[in-house]
Peer 1: 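Got a structure for you, questions after.
Counting starts at 1 for both ligands and their atoms, in listed order.
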Amino acid sequence: MHLLTIIGARPQIIKAAAMSRAIASLPGSPIRETILHTGQHYDANMSQVFFDELGIPRPDIALGVGSGSHGVQTARMIEGVEAALLEHKPDAVLLYGDTNSTLAGAVAAAKLRIPVAHVEAGLRSFNKAMPEEVNRIVCDHCSTWLFCPTQTAVDNLRNEGFDLSTEHAPTADRPHVLLSGDVMYDNSMHFASIAEQRSAILAELGVRKGGYILATVHRDNTTDDPARLNAVMGALLHAHEEHGLDVILPLHPRTRQRMNALLAPELSARIERATGFHVVPPAGFLDMIALEKHARLVMTDSGGVQKEAYFFGVPCVILRPETEWVELVANGQARLADADPMRIAEAGRHFLASGMPAVKPLFGDGHAAERICAELLNSTSRR
Ligand code: UD1
Ligand code: UDP
C-alpha cells in the first residue's frame, strides 16, 4: 500500500512519529509511506526539531507554503497537494487533526477520488467560530476511514449520521468509523522515558520537579483579542504571585508577535521583572513532555497539551470556553476557565489544594497507530 502522509503544523509532525514508527515495524514492509510537509510551520523550533529528535523520516515533498490568511494559505496548499497527488499516485492519503494542512489535504484528495484516512476524526467543539471546527468537519465528511481517539468522537459521528457498520469495504460514501485510540498517547508512552534520559530543560531553567506551572497559549481567539490576551497573561502572572510557583511559558510565534503588539506595557513590564516567570521559545517535544511530567499544574489552550497533562497525571486549567476532550472535564482532571481571570484563579486554587483525581485510561492502550495500520491494510485488500 502506498500511503501519502500530509503534515504541516507542529502537532501533526509529532503525531506522524507514532504512525511512521508503526509503519516501520510492520513485518514485510506492506506500507510504503511518502511524507508531504506543507510548510505551514517552518521555524526550526516549530518543525525541524521534531524530525531531529523523534526519528520521523524527512519529508519527500516540501511545499514551503508558509503563513498567510486562511484562504491564501489553504489555497496554496490545495494547489501543491493536488500536484503531488497526481505525480505520486498514492493508494490513500493520511491526514491528522484539524489544521489548514488537514483541510487542504482532504479537499485535494477527495476531488481526485483518492481515499482519505483521518486520524483524530470525530472531535467537535460545537463552535464553528474556531477555524479548526470547520476544518475537521470538512475532513471527516471527505474521509474513507475515520479513526476516532475516543468513544465521544465515535458518538459525535454517529449523531452526524455516520453509519458505524464495518461489514462492507469502506468508500468515501460509506466510510469506516473506528475507535482506534489516540496516537498522542502512543507517543507520550514511547517518549516519556527517552525524555527523562535526554532532556535537561528543568536544570537549564533552574526549576524543580513539582515547583512550577507549565502554560501554553496560541489559539487565535485569545492571541488576537487584546482583552482576552491581557486577561490570560495577567492571570498567569497572578498564579505565579499567589502560589509562589514558577511559570514556564514556551511561546508559540503567533503569541510572541501578538504579545509584542497587544500586551499592556505595565503588564509586559511586570512579566519581565518577575523572576520565576520564564517566557521561553517553543520547546522540542522531549523537553515539552519532561516539562509536562514534572509540572504541578498545566494551564493551556492547546488540545494536545491538555491530554498530555492528563497522561502524566497533572491537572489542567483549560484556557478556552469549551474543549473537544470532554472526558477530561467530566472526570475532574481538567477544568474549563476560558480567558476569565476569576475562573482561572479558582481552578488553579482548586487543583493546587486537592490535586487530580485518579487517572483511568481514556485514550486507548498506546497502540493506536498499529491498529490504524492494520485497518488500512485489511480494508484496502478488500476494496
Ligand atoms: C495552527 C492550527 C491550529 C494548531 C496550531 C498548532 C490552523 C487553522 N490552525 O495554528 O489548529 O493548534 O497550528 O500549533 O491550521 N508562525 C511563525 N513561524 C512558524 C509558524 C507560524 O512565525 O513556524 C506565525 C506566523 O505569523 C503565522 C502565525 O504564527 O501567521 C500563525 O500560524 P498558523 O500556522 O497560521 O496558525 P497557528 O496559530 O500556528
Ligand atoms: N509542544 C511542543 N513544544 C511546545 C508546545 C507544544 O513540543 O513548546 C507539543 C505538545 O507537547 C503537543 C503538541 O505540541 O504534543 C501540541 O501542539 P499545539 O499546542 O501547538 O497544538 P494543538 O494540539 O492545540 O493543535
Peer 1: Can you list the ligand 2 atoms lying under 4.0 Å from a non-hydrogen atom of P250?
Peer 2: 8 (O)
Peer 1: Provide the number and element of each atom of ligand 2 under 4.0 Å from a heavy atom of I14.
Peer 2: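 By the 4.0 Å cutoff, the relevant atoms are 7 (O), 9 (C), 13 (C), 14 (O), 15 (O).
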Peer 1: Heavy-atom contacts with P282 under 4.0 Å: which atoms of ligand 2 show up? List them by number with element.
Peer 2: 8 (O)
Peer 1: Please say which of E33, R32, H88 ends up in a side chain to side chain contact (heavy atoms under 4.5 Å, CB included) with L4.
Peer 2: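 The single option meeting the side chain to side chain contact (heavy atoms under 4.5 Å, CB included) with L4 is H88.
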Peer 1: Please report which non-hydrogen protein atom sits nearest to atom 22 (O) of ligand 1, along with the residue it belongs to and the distance in Å to one decimal place.
Peer 2: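 Atom 22 (O) of ligand 1 sits closest to the protein heavy atom P253 CB, 3.3 Å.
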Peer 1: Out of all atoms in ligand 2, which are within 4.0 Å of some heavy atom of F50? Include the element for each.
Peer 2: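 Contacts of ligand 2 toward F50, numbered from 1: 7 (O).
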Peer 1: If we set the cut-off at 4.0 Å for heavy atoms, which region of P11 has an atom near ligand 1: side chain, backbone, both, or neither?
Peer 2: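 It is the side chain that touches ligand 1; the backbone stays farther off.
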Peer 1: In ligand 2, which numbered atoms sit nearer than 4.0 Å to a non-hydrogen atom of G284?
Peer 2: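 By the 4.0 Å cutoff, the relevant atoms are 7 (O).
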Peer 1: Please report which non-hydrogen protein atom sits nearest to atom 4 (C) of ligand 1, along with the residue it belongs to and the distance in Å to one decimal place.
Peer 2: H218 NE2, 3.7 Å
Peer 1: Would you mind checking which non-hydrogen protein atom is closest to atom 23 (O) of ligand 2, with the distance to 0.1 Å?
Peer 2: G304 N, 2.8 Å
Peer 1: Tell me the protein heavy atom at minimum distance from atom 27 (C) of ligand 1, and give that distance in Å.
Peer 2: S67 OG, 3.3 Å
Peer 1: In the protein, which heavy atom is nearest to atom 1 (N) of ligand 2, and how far is it?
Peer 2: M288 CG, 3.7 Å
Peer 1: CZ/R21 to CD1/I56 distance, rounded to the nearest 0.5 angstrom?
Peer 2: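 Here the rounded value is 9.5 Å.
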Peer 1: Let me see the working for H141 and F162 under ring pair (Phe, Tyr, Trp, His ring centres under 6.0 Å), right down to the final yes or no.
Peer 2: CA-CA 9 Å; H141 286 263; F162 281 87; 4.8 Å; yes
Peer 1: Do N135 and ligand 1 have an N or O pair less than 3.5 Å apart?
Peer 2: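 Among all N and O atoms of N135, none is under 3.5 Å from an N or O of ligand 1.
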Peer 1: I'd like to check whether R10 has a polar contact with ligand 2, where a contact means an N/O of the residue lying under 3.5 Å from an N/O of the ligand.
Peer 2: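 Yes, R10 has an N/O under 3.5 Å of an N/O on ligand 2.
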Peer 1: Closer than 4.0 Å to some heavy atom of E132 - which atoms of ligand 1 meet that?
Peer 2: 3 (C), 9 (N), 11 (O)
Peer 1: Considering both backbone and side-chain atoms of T99, is one of its nitrogen or oxygen atoms within less than 3.5 Å of a nitrogen or oxygen in ligand 1?
Peer 2: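 Looking only at distances, the answer is no, because the N/O contact criterion of under 3.5 Å is not met.
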Peer 1: Can you list the steps and then say if T171 with D173 is a side-chain hydrogen bond (donor to acceptor under 3.5 Å, both in side chains)?
Peer 2: CA-CA 5 Å; T171 64; D173 293 309; 5.1 Å; no
Peer 1: How does E308 reach ligand 2, by side chain, by backbone, by both or by neither, if only non-hydrogen atoms under 4.0 Å count?
Peer 2: side chain
Peer 1: Can you report which non-hydrogen protein atom sits closest to atom 17 (O) of ligand 2, along with the distance?
Peer 2: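 Result: P11 CB, 3.6 Å.
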Peer 1: Looking at R158, I want to see if its CZ is surrounded by more than 12 non-hydrogen atoms of other residues, nucleotides or ligands under 6.0 Å.
Peer 2: yes
Peer 1: Would you mind checking which non-hydrogen protein atom is closest to atom 17 (C) of ligand 1, with the distance to 0.1 Å?
Peer 2: Y42 OH, 3.2 Å
Peer 1: Where is the nearest protein heavy atom to atom 3 (N) of ligand 2: which residue, which atom, and how far?
Peer 2: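 In this structure, atom 3 (N) of ligand 2 has A283 O, 2.7 Å as its nearest protein heavy atom.
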Peer 1: Would you check whether Q40 has a nitrogen or oxygen atom less than 3.5 angstrom from a nitrogen or oxygen atom of ligand 1?
Peer 2: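 For ligand 1, there is an N or O atom that lies under 3.5 Å from one belonging to Q40.
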Peer 1: What part of H41, side chain, backbone, both or neither, has a heavy atom within less than 4.0 angstrom of ligand 1?
Peer 2: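 Within the 4.0 Å criterion, H41 contacts ligand 1 through backbone and side-chain atoms alike.
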Peer 1: In terms of side-chain geometry, is the basic nitrogen of R320 or E322 positioned less than 4.0 Å from the acidic oxygen of its partner?
Peer 2: yes
Peer 1: Under a 4.0 angstrom heavy-atom cut-off, which atoms of ligand 1 come close to H70?
Peer 2: 8 (C)
Peer 1: Should the proximity of E292 to ligand 2, defined as any heavy atom under 4.0 Å, be assigned to the side chain, the backbone, both, or neither?
Peer 2: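 The side chain, only.
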Peer 1: Which residue and atom name correspond to the protein heavy atom nearest atom 19 (O) of ligand 2, and how close is it?
Peer 2: S302 OG, 2.7 Å
Peer 1: Would D301 and R228 pass as an ion pair if we require N to O under 4.0 Å?
Peer 2: no
Peer 1: Less than 4.0 angstrom from a charged side-chain N to a carboxylate O is my criterion; do D224 and R254 meet it?
Peer 2: yes
Peer 1: Counting each atom of ligand 2 from 1 as listed, which ones have a heavy atom of F285 under 4.0 Å away?
Peer 2: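 Ligand 2 atoms under the 4.0 Å threshold to F285: 7 (O), 11 (O), 15 (O).
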Peer 1: Please check if I78 and Y96 belong to a single hydrophobic cluster, counting links between Ile, Leu, Val, Met, Phe, Trp and Tyr side chain heavy atoms closer than 4.5 Å.
Peer 2: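 Different clusters: I78 never reaches Y96 through Ile, Leu, Val, Met, Phe, Trp or Tyr contacts under 4.5 Å.
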Peer 1: Between R58 and D52 (salt bridge meaning N to carboxylate O under 4.0 Å), is one present in this structure?
Peer 2: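 Yes, charged N to carboxylate O under 4.0 Å.
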Peer 1: Of all the atoms in ligand 2, which lie at a distance below 4.0 Å from a heavy atom belonging to R219?
Peer 2: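 That gives atoms 22 (P), 24 (O), 25 (O) of ligand 2.
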Peer 1: Testing I61, L63, V93 one by one against V81 for a side chain to side chain contact (heavy atoms under 4.5 Å, CB included), which residue passes?
Peer 2: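 Checked I61, L63, V93 against V81; only one passes side chain to side chain contact (heavy atoms under 4.5 Å, CB included): L63.
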Peer 1: Within the distance-only criterion (no hydrogens, no angle test), does the side chain of R296 pair as donor or acceptor with the backbone N or O of L352 below 3.5 angstrom?
Peer 2: yes
Peer 1: Taking only heavy atoms of M184 into account, list the atoms of ligand 2 that are under 4.0 Å away from them.
Peer 2: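 Near M184, meaning under 4.0 Å from one of its heavy atoms, ligand 2 has 15 (O).
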Peer 1: Regarding S302 and H218, do their side chains bring together a donor and an acceptor under 3.5 Å, going by distance alone?
Peer 2: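 Checked: S302/H218 side chains show no N/O donor-acceptor pair below 3.5 Å.
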Peer 1: Is the closest basic N to carboxylate O distance between K15 and E120 below 4.0 Å?
Peer 2: yes
Peer 1: To the nearest 0.5 Å, what is the distance between CG on L286 and CD on E196?
Peer 2: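 Here the interatomic distance stands at 11.0 Å.
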Peer 1: Using a 4.0 Å heavy-atom cut-off, which part of R254 comes near ligand 1: side chain, backbone, both, or neither?
Peer 2: both
Peer 1: Look at atom 8 (C) of ligand 1 and say which protein heavy atom is nearest, naming residue and atom and giving the distance to 0.1 Å.
Peer 2: N100 OD1, 3.4 Å
Peer 1: I213 versus H240: any side-chain heavy-atom pair under 4.5 Å?
Peer 2: no
Peer 1: Salt bridge or not between E82 and K111? Use side-chain N to carboxylate O under 4.0 Å.
Peer 2: no
